[in-house]
Amino acid sequence: MTGASGDIGVIDATIGYKSHSQPATRTAPRSEERRAQLLAFLRSLLLRGLSISAGVAFWYWAVRLRLDWVVHFDNIPSPEAVVLALWQQLHHGKFYLHIAVSLRRIAIAYGLAAGLGIALGLLMGRWRVARHLLIPYIELLRPIPAVAWIPLAILMWPTQESSIVYITFLGALFPIVLNTVHGVEQTPEILVRAAQSLGAGRIAIFWHVIIPAAFPSIAAGLAIGMGVSWFSLLAGEIISGQYGIGYFTWNAYSLVNYPDIVVGMLMIGLLGTLSTYMVKLATRPLLAWQRRARG
Amino acid sequence: MSARVVLPAEKRPKPPVRAVSGHVVIDQVTVAFGRGGSRHVAVENNSLEVAPGEFVALLGPSGCGKSTLLNCVAGYIRPTSGRVTVDGVPVTRPGPDRGMVFQQYSLFPWKTIHDNVAFGPLRAGKGRAEAESIARTFLEMVGLSRFAERYPGELSGGMQQRVGIARALANYPSVLLMDEPFGALDAQTRLMMQESLLRIWGEFGTTVLFVTHDVDEAVFLADRVVIMSAGPGRIVADMPVPLARPRSPEIATEGEFIRLKRRCLDKIRAESLKAFEERDR
């Protein structure tokens, strides 16, 4: 379950986690242990830095030599052109507007998906009738990619904005629902029994047993859902819209402004990673018991 | 107040005792699972009466239905026929008046030890302050005050079971139901747990129904050992254990203990042989 949340990680946050994983209340590690931890941290940082540098160096030389083997590098902007384009965009108010519009769409769509997804998942996990009523829709609609929704979404919703939010919402919804259902199903029956014999009613069992038991899986679903919502958003923004980081990227292509394509892509990557990391950060305190138990 | 509480009050906070209640009657209970060809009778026509404050061990091989019978008293299983009453009230569902201690892994892993024990009192509508004071009292009784803020996963199996006992007792149940609570522990820990259970019971004086397949454990703990045999589960013997209390582990080497133990073993052996013969026929 925890593996699932790490698997989706665009950039895995384990480096950041390691240094905190020992709670302060525990016996403080001796200075040698601390130094060993620091060394391991620096080494992993070094390796990651080396990897990125090698990638950028390859990119630089491939463009410089106009490498033309399988991939055509003649029209690819060079790293320095991208950095320059990024610098210019950062001094351009409209760039921030694109980002803000995208973030707003994500916030609305993801918020709705998280709320509805967890609610539906809990319902389906605990109540068989609800599961049988809803599972056909989920199984049928889930494999439909966001791009395929675009024509219908435009017809369904009054504004372009709402159709983009709808597509984004759908992308985030399914992983959240399915992970929640899975988590609820994994609740050990003995804990439900224990709660019953301690005088807990249905609501107390839901709140104190089912939801906490499902939460590791729900948290994984929330992190996956955040990633999926970004690429659904991008699909929506590329085909329709006047603002948004996806629109910016596609528009750069139309305007033959190639370095901006990469600027847009990097921005999407950065925002996607950051938002997924924030989801993980937000769910972390509720999973403290898991880390403590492992220690 | 019952006459059972004879141990001198120690310094620790003392929970109120209500051994006047906890009268369990199992009346001609049969439990069958499945229907038609796949019908399986787990326990058949069993009757058993447990007096308030009495410690009864249900002893038998695995699959003899002793846990099924216990689950009927707990209210997890509805008897196919017959009925169970506690203090005259028919059992229809699980409830805090019948505290349950499971074999293992039944603490809420996301709650601290303290919150696990306070869970029952809070459900009973006690205020936060009162529930916390109850939790502290019972954690002290099982000697785990220092671990109040730990999570179950940080504790050993034996410690977790002590928390399980404290959690069940925090509701002041009239009956404590224990389903092989020490079965998953190593031998030494098990001995310590048995002693500490007897001490707690001596203080608390509640009725205990204790399921086990360990003859030594049954004889050491109980006032009465009720022996069950398998296929279908039936009570085949009801043996009083007239050993003096308080008991210490040394009695396990004394003649009277060994004699009682042998009687249990003989009975179990005879029943197993009978079962084998019936199967061969």
Side-chain angles (χ1 to χ4, degrees), chain A residues 1-2 5 20-29 118 122 125 180 183-220 222 282-295, chain B residues 67 70-71 73-77 91-113 115-126 131 135 147-155 160 163-164 166-173 175-179:
Chain A
M1 264 185 288
T2 12
S5 64
H20 301 288
S21 68
Q22 297 288 329
T25 49
R26 290 282 190 77
T27 48
I118 293 173
L122 291 174
T180 306
V184 171
E185 282 173 347
Q186 297 236 305
T187 307
E189 196 52 36
I190 195 168
L191 297 182
V192 175
R193 287 186 161 203
Q196 286 172 337
S197 85
L198 292 167
R202 277 172 170 273
I203 293 166
I205 287 175
F206 229 89
W207 187 247
H208 291 279
V209 182
I210 311 269
I211 292 177
F215 198 75
S217 187
I218 294 176
L222 286 173
T283 51
R284 255 171 70 86
L286 286 165
L287 295 171
W289 59 272
Q290 272 195 330
R291 291 189 301 279
R292 290 270 292 271
R294 265 186 244 123
Chain B
S67 291
L70 191 81
N71 283 333
V73 182
Y76 298 128
I77 296 177
V91 170
T92 55
R93 64 171 79 141
D97 57 317
R98 284 148 288 135
M100 187 79 190
V101 180
F102 300 88
Q103 184 166 7
Q104 57 177 341
Y105 302 128
S106 73
L107 299 180
F108 306 121
W110 42 83
K111 288 185 186 292
T112 61
I113 299 310
D115 289 353
N116 262 280
V117 181
F119 182 78
L122 283 173
R123 298 287 82 68
K126 302 246 192 311
F147 299 92
E149 295 313 314
R150 293 292 180 90
Y151 287 94
E154 299 178 274
L155 268 57
Q160 288 189 36
V163 178
R167 184 177 68 170
L169 289 177
N171 281 320
Y172 297 99
V175 187
L176 188 60
L177 304 169
M178 308 185 83
D179 191 0

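Numbered from 1 within each chain, the chains take letters A, B, ... in sequence-line order. Keep in mind it's a predicted model, so treat the numbers as computed, not measured.
Residues Pro121(B) and Asn171(B) share a closest heavy-atom pair of N-OD1, 3.5 Å. Pairing each heavy atom of Leu107(B) with each of Leu191(A), the nearest pair is O-CD2, 3.4 Å. Summarising the geometry of Arg98(B) relative to Val73(B), their closest heavy-atom pair is NH1-O, 3.0 Å, with the distance given to 0.1 Å.
Contact annotation for Asp115(B): neither backbone nor side-chain heavy atoms come within less than 4.5 Å of a heavy atom of chain A. In this structure, no portion of Leu177(B) lies under 4.5 Å from any heavy atom of chain A.
A cation-pi arrangement is present between Arg167(B) and Phe108(B) under the rule of less than 6.0 angstrom and at most 45 degrees off the ring axis.
The side chain to side chain donor-acceptor pair (under 3.5 Å) test applied to Lys111(B) returns His208(A), not counting sequence neighbours. With sequence neighbours excluded, no residue forms a ring pair (Phe, Tyr, Trp, His ring centres under 6.0 Å) with Phe102(B). Among residues two or more places apart in sequence or in another chain, the side chain to side chain donor-acceptor pair (under 3.5 Å) test is passed with Thr283(A) by none.
Applying a 4.5 Å heavy-atom cutoff, the residues of residues 194-202 of chain A that approach chain B are Ala194(A), Ala195(A), Gln196(A), Ser197(A), Leu198(A), Gly199(A), Ala200(A).
In terms of heavy-atom pairs under 4.5 angstrom with chain A, the leader among Ser106(B), Pro109(B), Gly120(B) is Pro109(B).
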